[in-house]
Amino acid sequence: MRPHIFVTADPVDGLRSVEDIRQNIRSGHAGNLWSSQKEIADAELKNKVYEPGDVFPGRDAMSAGHSNRDYTIVHRAGTRTMRAALACLITEDTRYRDDALAQMYALFDTSRWPEWRDIAHTGMNIDLRAGQLSRAVSIAYDWLYPFIDADQRRWIVEGLDRCGIQPFFKDIEAGVGWANGTNNWMTCVVGGHGIAGLALGEDHPQSQELIDYAHPRLDAYFDNYGPEGEFNESVSYANAHALPLVYFSAHRYASGGGENRLASFPIADTCRWMIYFTVPPGHVVPFGDSHIGLPPSAPMFATVADASRDAALQWFYLEHSKPDDPDADPWELLWY
């Protein structure tokens, strides 16, 4: 049954259904998250879809001038696609579906988005950006599933296959470095395509291959952490702990709650390690390759608190969540 990524179509013990979400957003923090996401989705209904040359507050002017597929524009395009899909799922208002499809159409159009790769990342077919976009589009596909017809589903799967999945397999066959790495490249690119496999399921012939490739690598990624959950890169980079959690949260739902990897070591321990390195007024210690004033990645604490029933992590999440952040990942609403 679809949807089955971060939310279920029908009630499942231990997981949240679409109807549960509709009840949750009536008040409280979930209500604030929903109000913010819906306000952005409503505003985006009136705006053109995102393309690599777009300029907006927070976008690097040089990247926009070169129509580069940098993190900022890719994140905006991906979150718009997911946000509109989630708004359609919750409200059943097909205007949001049409907005998500319009952004997908642009992403699949090589005259508008020539490739899903940063121009600075040479010697490979895809990179972090394809990991982001394959993840976002496939999640949106799952959420939109009840509202699109067979031709639209086929068109989305074909676009994902051409822009993300087949270039992913080509890079693996060529022995690209990120395939077995121990940093955020592996978790983003491999994890993003693993989520594509989970989301597409039987609709793509290589879905299981994507999952089988991603799952053991993301699980083994935690072997690089310290014995008390210490992250394997600098403190500021510990926000990248969220990347494997996105995959395992998706897998928890796609498997119907059959595997709850989020409750196992070192996931909650690493979140607590991050708490120790968060200082007033709410930023991680600027040590190593860092940005001054970087806030902790709060959304991941919500899904780990839910999976492990950890009240301290829930408290930390509520202290640092920013419901009005225009770049917030839409899945935060489903994780809380």
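Quick caveat: nothing in here was measured; it's all calculated off a predicted structure.
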Beyond-backbone contact of [X] with [Y], side-chain heavy atoms, under 4.5 angstrom:
X      : Y      : result
Arg83  : Glu44  : yes
Trp178 : Met124 : yes
Thr182 : Met186 : no
Ile90  : Leu333 : yes
Trp113 : Phe108 : no
Leu128 : Arg117 : no
Glu115 : Thr110 : no
Leu107 : Leu133 : yes

Determine, using the 4.5 Å side-chain heavy-atom cutoff (strictly less than), whether [X] and [Y] are members of one ILVMFWY cluster.
X      : Y      : answer
Leu262 : Leu243 : no
Leu210 : Ile172 : yes
Trp273 : Phe222 : yes
Leu89  : Leu15  : no
Val235 : Leu313 : yes

Once the angle between the rings of His75 and Tyr71 is folded into 0 to 90°, is it parallel (under 30°), tilted (30 to 60°) or perpendicular (over 60°)?
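Aromatic pair His75/Tyr71 classed parallel.
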
Using 30° and 60° as the class boundaries, would you call the ring planes of Phe231 and Tyr221 parallel, tilted or perpendicular?
perpendicular

Please confirm whether the backbone N or O of [Y] pairs with a side-chain atom of [X], one donor and one acceptor, at under 3.5 Å?
X      : Y      : result
Asn239 : Pro295 : yes
Arg135 : Ala196 : no
Asp109 : Ala106 : no
Arg80  : Ala100 : no
Trp143 : Ile5   : yes
His204 : Gln206 : yes
Ser321 : Tyr317 : no
Arg309 : Ala263 : no
Asp70  : Asp60  : no
Thr187 : Asn184 : yes

Stacked cation flag [X] on [Y], 6.0 angstrom / 45 deg:
X      : Y      : answer
Arg153 : Tyr145 : yes
Arg272 : Tyr276 : no
Arg76  : Phe56  : yes

Inspect the surroundings of [atom1] in [X] and state if more than 12 heavy atoms from other residues, nucleotides or ligands are less than 6.0 Å away.
X      : atom1 : value
Glu173 : CD    : no
Tyr105 : OH    : no
Glu39  : CD    : no
Gln166 : CD    : yes
Lys48  : NZ    : yes

List the steps, then state whether salt bridge (Lys or Arg N to Asp or Glu O under 4.0 Å) holds for Asp127 with Arg69.
CA-CA 10 Å; Asp127 64 347; Arg69 284 75 58 189; over 6 Å; no

As a quick check of understanding, evaluate salt bridge (Lys or Arg N to Asp or Glu O under 4.0 Å) for Arg2 and Asp203, giving each step before the final call.
CA-CA 12 Å; Arg2 311 288 181 92; Asp203 295 346; 3.4 Å; yes

For a salt bridge (Lys or Arg N to Asp or Glu O under 4.0 Å) check, start with the C-alpha distance between Asp42 and Lys38, then their side-chain angles and the critical distance, and finish with the verdict.
CA-CA 6 Å; Asp42 288 340; Lys38 187 175 184 299; 3.0 Å; yes

Only one of Asp310, Thr270, Ile267 forms a side chain to side chain contact (heavy atoms under 4.5 Å, CB included) with Val304, so which one is it?
Ile267

Does the distance from a Lys or Arg side-chain N to an Asp or Glu carboxylate O, for Asp149 and Arg154, drop under 4.0 Å?
no

Check against side chain to side chain contact (heavy atoms under 4.5 Å, CB included), Gln132 and Val137
CA-CA 9 Å; Gln132 290 175 259; Val137 172; over 6 Å; no

Ring centres under 6.0 angstrom apart (Phe6, Tyr253):
no

